[in-house]
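Everything on this sheet refers to the single structure shown next.
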Amino acid sequence: MADVAKKYAKALFDVSIDKDRLDLMYEELKVVNDATQQYQQELKAIDSNPSKPASERRKFVGIVFGEANYYLKNMLMILANNRHLALINSIFKEFTSFYNAHYNQDTAIVESVYQLTEEELDRIRNLIINKTKLSNVHIITKINPDLIGGFRVKVGTTVLDGSVKNDLEQIERKFRRVN
């Protein structure tokens with residue numbers, strides 16, 4: 001289903017670019033995603049219910065998402081027709097990938113033992129930008145006491161590990177090779 005979600009996301013992204021509404025589309029799709037996040041089981045039930053005709057599913061979309069812009073609402077109607085409403089969260093993730101690539105930006109997860117200061121986060125942000133050549137980085141922080149000290153950064157598939165735990169593991173590997 002990931003390929004299906006990617007196709008919907010790409011179509012929505014392309015129309016957003018064509019109509020010069022990319023940022024608006026991202027913001028509205030984010031609202032829809034956030035609103036439906038906790039209702040995945042219910043959306044799957046709507047999709048899989050054989051007694052619910054497409055007209056009822058479209059009516060549901062019209063009532064729940066009636067304020068969405070024309071293009072987003074149209075995609076949601078198509079999702080309802082094709083019994084793909086449960087793909088909204090996957091479509092948002094794929095759309096976000098296209099959106100981030102368009103703006104040469106990404107989200108980084110920064111793990112540390114304690115809450116980092118704004119100054120420390122700015123230094124980490126600059127480090128990430130220098131290492132990845134991204135134009136902008138949105139940082140999400142997480143506390144991870146297992147790191148002992150330092151920090152670990154995950155950006156997409158890239159991991160920058162400056163943690164004490166990683167240093168100790170490196171030293172342990174070197175000692176094992178010597179023995």
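Although no hydrogens or angles enter the test, the distance criterion places no donor-acceptor pair under 3.5 Å between the side chain of T158 and the main chain of K154. Under a 3.5 Å cut-off, the side chain of N49 and the backbone N or O of S51 do form a donor-acceptor pair. Checked by atom type and distance alone, the side chain of N33 never pairs as donor or acceptor with a backbone atom of L29 at under 3.5 Å. The closest donor-acceptor contact from the side chain of R57 to the backbone of K52 lies under 3.5 Å.
Distance check, rounded to the nearest 0.5 Å: NZ of K142 to CG of L147 gives 12.0 Å. The CZ atom of F95 lies 16.0 Å from the OH atom of Y8; values are rounded to the nearest 0.5 Å. In this structure, F65 CZ and E28 CD are separated by 12.0 Å, a value rounded to the nearest 0.5 Å. Here Q105 contributes atom CD and N100 contributes atom CG; the two are 4.5 Å apart, rounded to the nearest 0.5 Å. Here CD of E67 is found 11.5 Å from CG of N69. Values are rounded to the nearest 0.5 Å. Considering NE2 of H102 and OG of S16, their distance stands at 10.0 Å, rounded to 0.5 Å.
Contacts of D34 classified as salt bridge (charged side-chain N to carboxylate O under 4.0 Å, His left out), with partners at least two apart in sequence or in another chain: K30.
Put simply, the side chain of T36 reaches to within 4.5 Å of the side chain of N89, judged on heavy atoms. Residues E27 and D23 form no side-chain contact, since every pair of their non-hydrogen atoms from C-beta on lies 4.5 Å or further apart. By the 4.5 Å heavy-atom criterion applied to side chains, L72 and V32 are counted as neighbours. The shortest side-chain heavy-atom distance between I88 and L79 falls under the 4.5 Å cut-off. N136 has its side chain out of reach of N104: every pair of non-hydrogen atoms, C-beta onward, lies at least 4.5 Å apart. The shortest side-chain heavy-atom distance between Y114 and E120 falls under the 4.5 Å cut-off. Between N144 and V113, the closest side-chain pair of non-hydrogen atoms is not below 4.5 Å. The side-chain heavy atoms of R58 and N81, taken from C-beta on, include a pair separated by under 4.5 Å.
Applying the ring pair (Phe, Tyr, Trp, His ring centres under 6.0 Å) test to residues at least two apart or on different chains, the pairs with a partner in residues 14-54 are Y26-F92, Y26-Y99.
For R21, the CZ atom sits in a loose shell: 12 or fewer heavy atoms of surrounding residues, nucleotides or ligands are nearer than 6.0 Å. The 12-atom threshold is not exceeded at CG of D20, counting heavy atoms of other residues, nucleotides or ligands nearer than 6.0 Å.
Salt-bridge formation is not detected for the pair K7/D3: no Lys NZ or Arg NE/NH1/NH2 atom is positioned less than 4.0 Å from an Asp or Glu carboxylate oxygen. Between E111 and R152 there is a salt bridge, since at least one side-chain N of the basic residue sits less than 4.0 Å from a carboxylate O of the acidic one. We find that K44 and D47 are not joined by a salt bridge, their nearest charged nitrogen and carboxylate oxygen being 4.0 Å or further apart.
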Go through the steps for L127 and K131 under the test side chain to side chain contact (heavy atoms under 4.5 Å, CB included), then give the verdict.
CA-CA 6 Å; L127 171 73; K131 292 274 187 191; 4.0 Å; yes
So D106 and T132, side chain to side chain contact (heavy atoms under 4.5 Å, CB included) or not? Walk me through it.
CA-CA 10 Å; D106 209 342; T132 63; over 6 Å; no
Please assess V153 against I128 for the test side chain to side chain contact (heavy atoms under 4.5 Å, CB included), listing each intermediate value before the final yes or no.
CA-CA 8 Å; V153 178; I128 295 167; 3.5 Å; yes
Are N74 and V15 close enough, and set up right, to give a side chain to side chain contact (heavy atoms under 4.5 Å, CB included), and what steps lead you there?
CA-CA 11 Å; N74 186 54; V15 79; over 6 Å; no
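In this structure, K10 is positioned above the aromatic face of F98, its NZ or CZ under 6.0 Å from the six-membered ring centre and within 45° of the axis.
Of all heavy-atom pairs between L87 and A5, the closest is CD1-N, 4.4 Å. Residues I91 and A9 come closest through the heavy atom pair O-CB, 3.6 Å. Shortest non-hydrogen contact noted between A80 and V61 is CB-CG2, 3.8 Å. Closest of all the heavy-atom pairs between L76 and L85 is O-CD2, 3.9 Å. Closest heavy-atom contact between I129 and L134: CG2-O, 3.1 Å.
Cluster membership check: I17 shares its hydrophobic cluster with Y103, using side-chain heavy-atom separations under 4.5 Å among Ile, Leu, Val, Met, Phe, Trp and Tyr. Hydrophobic clustering (side-chain heavy atoms under 4.5 Å, transitive across Ile, Leu, Val, Met, Phe, Trp, Tyr) keeps I143 apart from V159. Cluster membership for V31 and L24, using ILVMFWY side-chain heavy atoms within less than 4.5 angstrom, is not shared. The hydrophobic clustering, which links ILVMFWY residues whose side-chain heavy atoms are closer than 4.5 Å, places M75 and Y70 together.
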